Amino acid sequence: MQENSIKKGGISVETAHIFPIIKKWLYSEKDIFLREIVSNAADAITKLRRLSSLGKYEDDNESYEIKVTLDKTAKTLTVSDNGIGMTKEELEKYICSIALSGALDFIEKYDDKDAANGIIGHFGLGFYSSFMVSDKVELITRSYISNSAIHWECDGSGAYETSASDRSCHGTDVIMHISDDESEYLDDAKIRGILDKYCSFMAVPIYYVNDDDTSDADAEGKAINDTSPLWLKNASDCSDEEYAEFYKKVFLDYKEPLFHIHINADYPLNFKGVLYFPSRKSEYDSYEGQIKLFYNQVFVADDIKEVIPEFLLMLKGVLDCPELPLNVSRSYLQDNAYVKKVAAHIVKKVADKICSLCNNDREKYKKIWPELKVFFEYAALRDRKFYDRVKNCYLLELTNGEYMTVAEYLEDCKDKHESIVYYSNDRSIQAQYISMFESEGYKVALLSHQLDTQYISMCEANGSSEKYKRIDSEATSVLRTDEPVAEDHAIVEIFKKASGNENLDVKFESLRDTSLPCLLTLSEEASRMEEMMKLYSGMGLDVGSLPTEYTLIVNTKAHLINKLSSLSSSQPEKAHLMAKEIYRLSLMSQRHMTSDELKDFLKDSFDILGML
């Protein structure tokens, strides 16, 4: 009988094997190594500041800073700080043992949430990113509680040695000897670009020096970063000029944004940021936004869509989320509950901003509405909560140039009709209808975008009190008089023949405009279906076509109709030509003619002119 045995042990890793993996696979982008080393330097200073605030260190108002030095001749890149430094024991624990993080020990020791929020590195691997571009790394460090410094040196094999050093003050120097294969990191423009991308808003002043450039302006004492970025300030302390300047600096966009949103979420979320709604001056401008993600003022990733709902992807901005890990992945963002809460909060803030502009700054709101409208509608269609928050801020653009909310429109027209918004979807084609409605004292809204039809249908489906009627639909009933009308079957037959449609629906009404012989109308349901088909067709979908069932409204008060009636018996050919002309003129107020219809129309028009 074989005895069962259990054996326990620990997995061992040889440094000779792990270092090649670190050099190649630690980060997806090699440029991140400099962010990691500078972030470690910022951590070291943050820790020392924290100890000073706790009364455990007297800093005598020290000026803390990080210095990045490029020496192309020596083939080195050095990051120096005057932070907390390390003792010999700490160096052996955190540097000589991979993945032990001094940040975690520091936070646990002082048990302070504020300290955790200010410290960047929580992984302990960041230092080793230096080996991604270096064949040797030196570290010179002196602890704030020590009178002696330590020199540590390690090559790409993982073998290291330590010795005494003569560093005069507390802090750390990381000296990276750039390998021949990575010589691009000895280029001044390359290093400046990395620092600008990842370190522009770190909390500690960073100075960059190129030892090979005696004219280096930064050597004169100008920090390359802004230690107090806009998103850390109170919105009340920031001017419109500062928001505009920040936008242009970060996104290199010369156009002024439509508006900005300053976010300072505390509980239960913890993140800050500034979001902008970019201006889109023409249809050729991109709809694509850009969100820059930061972690305690350290740049993490560009163009992060996961923290913004899909229907608000046109937004540009920065978000500083200290509850996300520094080395965040896309898959992590997609599945993270915190990220989903951030996205929901952003939706609410955008809605609040829109409501604030509409209610408190109507002139500005009207000015930006033409650019904002399509995004307003799309977001409302995609998110019911967003719609519920902003529905009262939807502006109707009127044919007379006015802008008003739906509630204001209904209030203005309450003496003429009940809860109906009359609209046009094509100002030029429907000019005749617009003129008739305006002459009767009705205001006409312009809803000419393909999303408009979907939006108003959604409003009605969600129980809105108002209804929408296109002015070339059955809404024309408001233009008729109360006089009785009599149908003329001869006229019906003439128009059926003239239109080439034996099934044409012909109705007789007494319209107040006696100069207008006929109107072509389309039911509201059919007109919306027509717009939906256009939308789907524009998306490249093969939706076929549906027959358009127009109704011809014959105005019994029009002089031309009376003349047509008399000609129908005496001169039928002339009556037929006149009916064709009247029908096609009515058709032109409903839609564009086809090429064949237009050729036929022009020919008959010339024939009529020849009869004069």
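Positions are given from 1, in the same order as the sequence printed here. Because the structure is a prediction, the values reported are computed rather than measured.
- For the atom pair CG of D240 and NE2 of H260, the computed distance is 6.0 Å after rounding to the nearest 0.5 Å.
- Between N225 and S200, the side chains place no donor N or O within less than 3.5 Å of an acceptor N or O (distance only, hydrogens not considered).
- Nearest heavy-atom pair, Y295 versus C321, reported as atom, atom and distance to 0.1 Å: CD1-O, 3.5 Å.
- Counting only residues at least two apart or on different chains, the salt bridge (charged side-chain N to carboxylate O under 4.0 Å, His left out) pairs with a member in residues 446-465 are K373-D452, E460-R528.
- Checked against the 6.0 Å centroid criterion, the rings of F201 and F246 qualify as a close aromatic pair.
- Residues E597 and M593 come closest through the heavy atom pair OE1-CA, 3.5 Å.
- Between S428 and D426, the side chains place a donor N or O and an acceptor N or O closer than 3.5 Å (distance only, hydrogens not considered).
- Contact check for T556 versus I561: no side-chain heavy atoms found under the 4.5 Å cut-off.
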* Start with the C-alpha distance between V554 and E509, add both sets of side-chain angles, then the distance that settles side chain to side chain contact (heavy atoms under 4.5 Å, CB included), and finish with yes or no. => CA-CA 6 Å; V554 178; E509 290 187 3; over 6 Å; no

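- Using a 4.5 Å heavy-atom cutoff, the side chains of F294 and V300 are not in contact.
- A 4.5 Å side-chain heavy-atom check between F277 and V350 finds every atom pair outside the cut-off.
- The two residues Y468 and V406 make their nearest non-hydrogen contact at OH-CG2, 3.6 Å.
- The shortest distance between side-chain heavy atoms of K443 and Y409 falls below 4.5 Å.
- Side-chain polar atoms of S419 and E466 form no donor-acceptor pair below 3.5 angstrom.
- The side chain to side chain contact (heavy atoms under 4.5 Å, CB included) test with D253 is passed by exactly one of Q290, K248, K316: K316.
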* Could you check R470 against E524 for salt bridge (Lys or Arg N to Asp or Glu O under 4.0 Å), going step by step and ending with a plain yes or no? => CA-CA 7 Å; R470 209 165 83 177; E524 186 65 33; over 6 Å; no

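- S523 and S473 make their closest contact through C-CB, 4.3 Å (heavy atoms, listed as atom of the first residue, atom of the second, distance).
- Y394 and E377 share a side-chain donor-acceptor pair at under 3.5 Å.
- The ring pair (Phe, Tyr, Trp, His ring centres under 6.0 Å) pairs that include a residue from residues 561-600 number zero, where partners must be two or more places apart or lie in different chains.
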* Derivation and outcome, side chain to side chain contact (heavy atoms under 4.5 Å, CB included), residues L410 and V421 -> CA-CA 7 Å; L410 296 177; V421 176; 4.2 Å; yes

* Test R584 against E581 for salt bridge (Lys or Arg N to Asp or Glu O under 4.0 Å), laying out the working first. => CA-CA 5 Å; R584 286 177 299 197; E581 195 76 359; 3.6 Å; yes

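- The closest side-chain heavy-atom distance from I456 to Y423 is below 4.5 Å.
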* Is there a ring-ring contact (aromatic ring centres under 6.0 Å, His included) between Y455 and H449 once you walk through the steps? -> CA-CA 10 Å; Y455 178 78; H449 193 276; over 10 Å; no

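- Contact between Y276 and F251 at its shortest, heavy atoms only, is CD1-CE1, 4.4 Å.
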